[in-house]
Protein chains: 2
Amino acid sequence: MNVMQNAEGKESSATRSAYVSLREMILTGKLAAGEKLKIEQLRTMLDTGASPVREALSLLTSDMLVERLDQRGFRAAPANLANFQEILGLRCALEDMALRKSIARADSEWEEQLVLVHHRMKRASDQNDIPTFEAAHKAFHMALLSNADSPILIRYCGQLYDLNIRYRYLAAAGTDYRKRDVGAEHDEILDAAVRGDADKASGALINHYRLTGEYLTVPLSEL
Amino acid sequence: MNVMQNAEGKESSATRSAYVSLREMILTGKLAAGEKLKIEQLRTMLDTGASPVREALSLLTSDMLVERLDQRGFRAAPANLANFQEILGLRCALEDMALRKSIARADSEWEEQLVLVHHRMKRASDQNDIPTFEAAHKAFHMALLSNADSPILIRYCGQLYDLNIRYRYLAAAGTDYRKRDVGAEHDEILDAAVRGDADKASGALINHYRLTGEYLTVPLSEL
DNA sequence: TGCGTCAAAAATATCGATATTCATTGACAA
DNA sequence: TTGTCAATGAATATCGATATTTTTGACGCA
């Protein structure tokens, strides 16, 4: 029936496929914040049944990207400045915590992984390969935290990272990262982390977020 | 069809009803940690259809009370000491943050709410009304944080609170809160919060958790 | 003109049935 | 004896259809 088109190595179940697609559409704004999400509409969009769509929406509810309205279906989570700033503040607090734990447990394997992921991100940036960069950027930030040995904390950080993506798209139609030396900021974080300097690394990371936050706050202030 | 048995003011949709029931069963251990959750089994248990059960399990996945296994259904989230300790540590960190924010924005309305909720908890405790106490206890702790004006943070704290409940049941078959003066600890937190003494309140709160943590760690160490 | 009521239309939530996938067992071959 | 593989038996994931709300809009009445 659904079988799963395991073509190039994509998704396995219809539900997961719908989840990934819907998530992408919400993050990039193809499904606007606050928009009503009608099952039938999405069903035809994704060319799948109602059950996978419903279940995918349920899953997105966990990610705070979709809201469930009592008996009246779903809608994309609303976006507003207060929400953006809460996300920013929590990211600073939680990632600071996670990064420090990661560094406290540093080992050579983790450091190597960091360098590798950073390199991939830089390469994608140099080549202006935006989609690859997007993925690599998340991978870099999550790799920084990955050694914290705290799955719930990592989960929360990942959720907040994703929530923030949407605001980047809202603020700049997808192409943010303009000329402000983001690369140098990443380098600084990486260096400090590899050196095991938790204060420096955390400071650089938080500064990175605060700067991004300031960039985004202006265009978002009309929300 | 499902209509919703709005009898005494219970649940409205079959999904929500299933969600509440399953959540209760997992928290109290009626569905054991790590146990495979078969749709058919739960369907008959709850006397409802497969769709609401599936959807409820999806929702519980967000709460980290249920895990989804690739194509092989669901199981109750495993429990182990590391998980318990992570929850404990995160609770201390996140509730500290939330409580301080709450106190920083204190107003008389919030203070009154605190006193009220605390009173209800105490009354339930005096009357040995365990179920009411359980609910009131959560209400008290969430009320402490409720003024933080940070919905995501509150959400996380609530999730962690619930995750912890399960370990209380695992450790003591439901009846914890033995003679250690939990009431006095709560009083201390309340007093400091109402006085606006953030350091004292946060310290008392964290101490409350650490003490509980120590109580539970021993019986849980076999996990 | 404004408002409340009620019926029609749309959308959701749920059920029952079916196709698929996973797990198990037993036979067969090495 | 042991390992592989096919057939069988669960269990899941998904579909299509139906019952239940919710929403819309028209109508009548004040």
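Order of the sequence lines fixes the chain letters, A, B, ..., with proteins taken first and strands second; residue numbering starts at 1 for each chain.
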Taking atom types as modelled, is there a side-chain donor on [X] or [Y] under 3.5 Å from an acceptor on the other?
X: A:Tyr167; Y: A:Asn80; answer: no
X: B:Glu95; Y: B:Tyr209; answer: yes
X: B:His186; Y: B:His208; answer: yes

- Side-chain N,O (A:Thr48) to OP1/OP2 (D:dT14) below 4.0 Å: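 So the side-chain polar atoms of A:Thr48 never come under 4.0 Å of the phosphate oxygens OP1 or OP2 of D:dT14.
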- Query: Do the side-chain N or O atoms of B:Thr15 get closer than 4.0 angstrom to the phosphate oxygens (OP1, OP2) of C:dT14?
  - Reply: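 Result: yes.
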- For the helix from C:dT1-D:dA30 to C:dA30-D:dT1, what is the angle between the axes at its two ends, each from 5 pairs, rounded to 10°?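 Its terminal axes enclose an angle near 10°.
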Does [X], at its [atom1] atom, have more than 12 non-hydrogen atoms belonging to other residues, nucleotides or ligands within less than 6.0 Å?
X: B:Lys138; atom1: NZ; answer: yes
X: A:Lys30; atom1: NZ; answer: no
X: B:Asp126; atom1: CG; answer: yes

Send over the distance from [X] [atom1] to [N] [atom2], rounded to a whole Å.
X: A:Arg68; N: C:dT12; atom1: CZ; atom2: P; answer: 12 Å
X: B:Arg54; N: D:dT12; atom1: CZ; atom2: C1'; answer: 6 Å
X: B:Glu55; N: C:dT12; atom1: CD; atom2: P; answer: 12 Å
X: A:Leu69; N: D:dT23; atom1: CG; atom2: C1'; answer: 14 Å
X: B:Gln71; N: C:dA19; atom1: CD; atom2: P; answer: 18 Å
X: B:Arg16; N: C:dT12; atom1: CZ; atom2: P; answer: 17 Å
X: B:Leu57; N: D:dA13; atom1: CG; atom2: P; answer: 10 Å

Table of protein N/O atoms under 3.5 Å from nucleotides 7-11 of chain D N/O atoms:
unit_1, atom_1, unit_2, atom_2, d
D:dA11, OP1, B:Lys38, NZ, 3.1

- For salt bridge (Lys or Arg N to Asp or Glu O under 4.0 Å), just list the numbers for B:Arg91 and B:Asp96, CA-CA rounded to whole Å, side-chain angles, deciding distance to a tenth of an Å, and then say yes or no. CA-CA 8 Å; B:Arg91 288 229 292 164; B:Asp96 170 70; over 6 Å; no
- Query: Taking the six-membered ring for Trp, are B:Tyr161 and B:His137 parallel (under 30°), tilted (30 to 60°) or perpendicular (over 60°)?
  - Reply: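 The arrangement is tilted - the two ring planes meet at 30° to 60°.
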- Heavy-atom pair with the smallest gap, counting every atom of A:Lys101 and A:Ser150: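 Where A:Lys101 meets A:Ser150 most closely, the heavy atoms are NZ-OG, 4.4 Å.
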